[in-house]
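Input: a single structure, listed below in structure tokens.
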Amino acid sequence: MVSKYKPDVVEAKWRKIWTEQGADQLDMDKAERPFYNLMMFPYPSAEGLHVGNVFAFVGSDIQGRYHRLLGYDVFEPMGFDAFGMHSENFALKQGRHPAEMVPTNVERFREQQLKKIGLMVDWSREINTTVPEYYRWTQWLFVTLYKNGFAYKKKASVNWCPDCQTVLAAEQVIDGECERCSAQVTKKDLEQWYFKTTAFAKELLEGLDHINWSERTKTAQRNWIGRSQGAEIVFRIQNGPDFKIFTTRPDTLFGVTYIVFSPEHPLLDKITAPEQKAALTAYRDKTAKITEIDRQAEGREKTGIFIGAYAVNPINNETIPVWAADYVLMGYGTGAIMAVPAHDQRDFDFAAKFNLPLRQVISPDGRLLEKLNSAYTGEGTLVNSGRFDQLPTKEIASREVIRYLANQGLAETKTNYRLRDWCVSRQRYWGPPIPIIYCDKCGIVPVPEKDLPVFLPFLENYRPNGDEHGLSPLRRHEDFYHTLCPDCGGAATRETDVSDNFLCSAWYFYRYPSTEFNDRPFDVARLKKWLPVDLYVGGNEHAVLHLLYSRWLCKALHWCGILDFDEPYRRFVAHGLIVSEGAKMSKSRGNIINPDAYIDEFGADAFRMYLMFMGAYLEGGDFREGGVRAMKSFLDRLWLAILPSENGFDSTPLDDPETLYSLNSTIKAMTTDLARFSYNTAIARLMELVNHITKNQIKNKTVSEVVIRLLAPLAPHMAEELWQRLGHAETVFRGGWPIWDEAAVVRINVEYVIQISGKVRARMQLPAGLTQAEVEPLVFNNSSLARWLEGKTIVKKIHVPDKLLNLVVKPSQL
RNA sequence: GCGAGAGUGGCGGAACUGGUAGACGCACCGGCCUUAGGAGCCGGCGGCUGCGGCCAUAGGGGUUCGACUCCCCUCUCUCGCACCA
């Protein structure tokens with residue numbers, strides 16, 4: 001009797017062999033066909049590996065293994081993104097210290113979970129962002145960016161999470177809430193470190209046109225970068241200074257009936273009439289207190305105050321009132337707008353509320369409307385616009401208006417981006433200290449490279465300060481805080497903020513190929529050989545976080561001459577999201593899937609394959625309780641079908657055309673499917689082949705060896721075991737991906753569909769490869785068609801070779 | 001509101017450049033085997049039917065010999081952005 005498939009035994013055996021033989025390690029310098037297969041490294045939460053992580057990793061690992069079968073030297077590294085608020089917040093909740101908790105979690109992730117899912121990870125190159133050997137280089141990057149002018153410190157209105165007690169970058173505020181803890185984010189005026197992400201706004205946007213990325217990820221980045229084309233126009237305060245506004249509609253300049261400044265705009269201090277100063281201060285206080293959520297929820301209801309000043313419109317010298325209102329944002333454009341209520345809905349709403357006049361200057365038909373019920377934002381020609389009347393909007397009229405004013409130095413075309421600079425300071429403990437020293441004499445002094453890393457000191461109490469001035473826990477550590485100036489040797493103090501965790505993850509993939517070098521962040525030769533990353537698989541939730549930051553960093557380092565490429569990932573594939581029984585997984589629903597239990601019961605291979613089978617990988621899937629069991633029983637059947645019987649394999653040559661067809665068409669189809677990440681259909685095809693083999697009781701060594709190699713990327717442990725049992729001494733991953741015989745993919749007999757005027761009326765088994773002239777007589781001899789054709793005139797015949805013949809009958813006879 | 005994607009049996013989902021709609025699997029229903037089975041094997045499985053067929057891919061139009069696929073309109077859902085001038 002042939003033995004049964006025992007996943008626990010088989011998987012443990014191969015885990016051991018792979019480890020002992022270093023099967024997944026490779027010589028980084030000797031690799032001939034390097035393929036860098038990257039997956040997003042996890043943060044080692046105490047809850048353990050989530051089924052979503054497994055889904056992501058397995059989908060990536062299949063590509064790695066498939067490429068290895070294709071003959072590539074695949075580098076598939078793994079690490080731990082263990083600095084940051086996700087780890088620190090969890091430690092706080094557990095009442096533990098992150099320095100103690102993180103190593104424990106990492107150990108468990110690696111040994112108990114990651115190693116059990118059959119990833120071909122080279123563990124000799126593991127990364128942990130919290131160890132000094134790593135964060136030393138994170139700090140080096142900070143210093144390098146600073147020295148090249150990409151890091152600066154400024155006081156500005158920042159996003160503040162009152163629960164995490166730290167500032168956040170714009171990207172980390174999701175619908176007005178903190179990305180980590182979902183608390184409502186407020187604004188604070190604080191001095192913070194920023195990276196100049198906006199310096200590469202144009203490159204970040206245009207680079208998207210040249211990289212092979214999931215379209216939805218590119219779209220998300222395009223939206224976030226938010227390019228808009230317009231002009232800056234100079235207005236003047238009556239008896240006061242000039243100021244600029246940004247507009248995308250210069251063609252509506254004659255329709256301006258008032259001006260709005262953002263409440264935070266510094267010019268307001270100079271131009272506000274004395275009697276309105278108190279009102280302005282009150283309004284500023286009110287708007288500063290408002291949370292982002294309230295500000296958005298308030299959406300419809302506009303607020304603002306008249307500041308008692310007037311401005312002059314440069315196009316017609318009209319005098320118009322100046323207001324301050326929080327629907328104008330300081331961080332975009334110039335922080336001031338020209339309001340055209342007739343043609344902008346926001347201005348229309350504001351004007352309606354405060355009884356400000358409208359003037360229509362665009363008309364779809366050249367006539368003026370009696371009354372506008374809402375802003376007209378469509379196309380038309382200019383009216384009420386003096387010498388510009390009758391010009392068509394928007395391009396032509398805008399161009400003419402800009403040209404006219406530009407001659408007087410009062411306008412210029414301008415492209416604005418929505419993207420903001422990246423605020424990287426965090427008033428927290430668990431991160432790499434920002435390597436900056438403040439000296440009274442020398443000012444801001446970056447820590448010299450030889451003094452790196454700036455060690456994160458152990459703080460027994462690492463809780464955030466709860467300090468409204470945004471002071472960090474490290475400020476409480478006097479020995480850390482007080483230091484000497486590296487330049488003059490005088491007394492100085494350290495920066496006590498740590499940097500955003502997203503800086504750690506913005507460069508980790510450069511480090512993997514160079515982990516053995518401790519005198520440099522990455523080795524130039526290794527970079528040259530292995531980067532940019534060939535394939536990156538990950539979740540789309542990082543579209544405007546990690547994926548944007550790491551693209552920016554790559555461009556900055558390229559600019560500095562450190563990297564000779566300016567896009568980090570050749571290809572990025574965004575996988576889908578897993579739901580459970582049709583609902584989003586969440587703690588409150590109690591429907592979180594724990595991968596461990598399934599792996600223990602059915603084996604990692606069955607679990608891997610079920611995850612890949614339950615839906616389209618790029619769209620996500622629905623985890624159903626019974627699915628893993630069904631996959632296990634498929635593997636049981638495959639095991640029996642593939643192994644020889646007691647009598648061994650058949651010695652007769654394989655010549656059954658149906659079997660040859662089935663075998664070769666499966667290889668061909670699976671090859672296409674894997675390349676397209678269409679794992680569910682690849683598995684379906686493998687099932688069809690195995691069904692065919694079982695049904696026809698085929699015991700053929702060639703067939704078995706093909707099936708095993710097709711199975712290998714999906715179920716690596718089982719494939720290794722079967723391969724060995726068939727007498728191979730070497731790993732199946734050196735067996736090569738099977739190649740199909742195109743001649744065998746052609747069927748000998750095909751089923752023809754016979755249509756009468758497009759309706760299926762008969763099906764016929766016919767030899768493949770017939771011409772229309774050969775098919776027709778056979779079809780007309782088919783008696784079952786007679787009743788459909790009797791007395792009818794055929795006006796047209798359409799023949800699709802090997803597929804169908806459509807006889808079109810005169811329409812009047814139908 | 002802007003941008004992207006999607007809507008197919010009881011369910012998850014197939015269908016490449018227009019050419020057999022429902023592959024593969026789950027659930028369910030029969031049958032075999034069994035003391036028993038949450039095991040295994042065989043078969044059935046979109047709806048209606050006068051058993052000739054007819055109707056079915058969110059809804060409505062259109063192009064075509066032929067449409068899940070292409071075009072137009074409407075509806076619904078998911079995701080991203082959103083008082084960004």
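Numbered from 1 within each chain, the chains take letters A, B, ... in sequence-line order. Because only heavy atoms are used, hydrogens play no part in the values below, and waters and symmetry mates are left out as well, while side chains stay in.
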#### Entry: Contact letters for nucleotides 36-51 of chain B, in which S counts primed atoms plus P, OP1 and OP2 and B counts the base, heavy atoms under 4.0 Å
--B-SS----------

### Summary
In 5'-to-3' order, the base (B), backbone-only (S) or no-contact (-) status of each nucleotide in nucleotides 1-7 of chain B, using a 4.0 angstrom heavy-atom cut-off, is --SS---

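Residue A:N691 is classed as a sugar-phosphate contact, given heavy-atom separations below 4.0 Å to backbone atoms only. Contact annotation for A:F613: base contact, defined as any heavy-atom pair under 4.0 Å involving a base atom. In this structure, A:K759 reaches the sugar-phosphate backbone alone: every heavy-atom distance under 4.0 Å involves primed, P, OP1 or OP2 atoms, never a base. A:A616 comes within 4.0 angstrom of sugar-phosphate atoms only, judged by non-hydrogen atoms across all strands, and of no base. Within 4.0 Å (heavy atoms only), A:N680 reaches sugar-phosphate atoms of the nucleic acid but no base atom.
In this structure, A:Y258 has its ring center at least 6.0 angstrom away from the ring center of A:F306.
The side-chain heavy atoms of A:L204 and A:Q221, taken from C-beta on, include no pair separated by under 4.5 Å. When side chains are defined from C-beta on, A:D349 counts as touching A:Q345, because their heavy atoms get closer than 4.5 Å. Residues A:D605 and A:Y5 have side chains in contact (heavy-atom distance under 4.5 Å, counting atoms from C-beta outward).
Map A:R763 and A:G615 each onto its nearest nucleotide of RNA chain B; the residue landing nearer the 5' end is A:G615. Between A:R420 and A:I174, the residue anchored closer to the 5' end of RNA chain B is A:I174, taking for each the nucleotide with the nearest heavy atom.
B:C42 and B:G50: their P atoms are spaced 34 Å apart (whole Å). Nucleotides B:C72 and B:G12 place their P atoms 29 Å apart, quoted to the nearest Å. Comparing B:G66 with B:C70, their C1' atoms sit 13 Å apart, to the nearest whole Å. A distance of about 15 Å separates the P atoms of B:G60 and B:U8, rounded to the whole Å. Nucleotides B:C28 and B:G46 place their C1' atoms 14 Å apart, quoted to the nearest Å. Distance noted for atom C1' between B:C65 and B:C11: 37 Å (whole Å). Distance check on atom C1': B:C73 versus B:U78 gives 22 Å, rounded to whole Å. To the nearest whole angstrom, the two P atoms, one in B:C41 and one in B:G25, are 12 Å apart.
The A:R624 side chain lies nearest to B:G12 when the options are B:G12, B:C16, B:C83. Checking B:A85, B:G80, B:C65 against every side-chain atom of A:V808, the shortest atom distance belongs to B:C65. Residue A:D326 places its side chain closer to B:C83 than to any other of B:G19, B:C83, B:U20. Of the candidate nucleotides B:A23, B:A85, B:G25, B:G25 has the atom nearest to the side chain of A:A630. Comparing atom distances between the A:A220 side chain and each of B:G80, B:A85, B:G19 picks out B:G80 as nearest. In the set B:G19, B:A85, B:U20, B:A85 carries the atom at the smallest distance from any side-chain atom of A:I337. Of the candidates B:G19, B:A85, B:A82, the closest approach to any side-chain atom of A:R418 belongs to B:A82.
B:G7 and B:C75 make up a base pair, with Watson-Crick or G-U wobble contacts both under 3.5 Å. For B:U63, there is no paired nucleotide, since no Watson-Crick or G-U wobble pair has both relevant distances below 3.5 Å. In this structure B:C33 sits in no base pair that meets the Watson-Crick or G-U test at under 3.5 Å. With a cut-off of 3.5 Å on both Watson-Crick or G-U wobble distances, the partner of B:C54 is given as B:G47. With a 3.5 Å ceiling on both atom-pair distances, the Watson-Crick or G-U wobble partner of B:C2 is B:G80. The base-pairing partner of B:U20, taking Watson-Crick or G-U wobble contacts with both distances under 3.5 Å, does not exist among the strands shown.
Both tests do not hold together for A:R420 against A:W224: distance to the six-membered ring centre under 6.0 Å, angle to the ring axis within 45°. Remark: A:K302 qualifies as a cation-pi partner of A:Y327 under the 6.0 Å distance and 45° angle criteria applied to the six-membered ring.
Between A:W422 and A:Y549, the ring planes lie parallel to each other; the angle is under 30°, not in the 30° to 60° tilted range. Using a 30° and 60° split on the angle between ring planes, A:F607 and A:Y598 fall in the parallel class, below 30°. In this pair, A:Y679 and A:F677 present their aromatic rings tilted. The plane angle is within the 30 to 60° band. Below 30°, between 30° and 60°, or above 60°: for A:F354 and A:F350 the angle between ring planes is between 30° and 60°, a tilted geometry. Taking the six-membered ring where tryptophan is involved, the planes of A:F55 and A:Y617 are tilted, since the angle between them lies from 30° to 60°.
Donor-acceptor pairing under 3.5 Å, judged by distance alone, is present between the side chain of A:K302 and the base of B:C83.
The pair A:K187-A:E264 does not count as a salt bridge, with every side-chain nitrogen at least 4.0 angstrom from each carboxylate oxygen.
Anti is the conformation of B:G43, whose glycosidic angle sits further than 90° from 0.
Regarding contacts with the backbone of B:A85, a side-chain N or O of A:S228 is found under 4.0 angstrom from either OP1 or OP2. Applying the 4.0 Å criterion to OP1 and OP2 of B:C65, one finds that A:K796 has a side-chain N or O inside that range.
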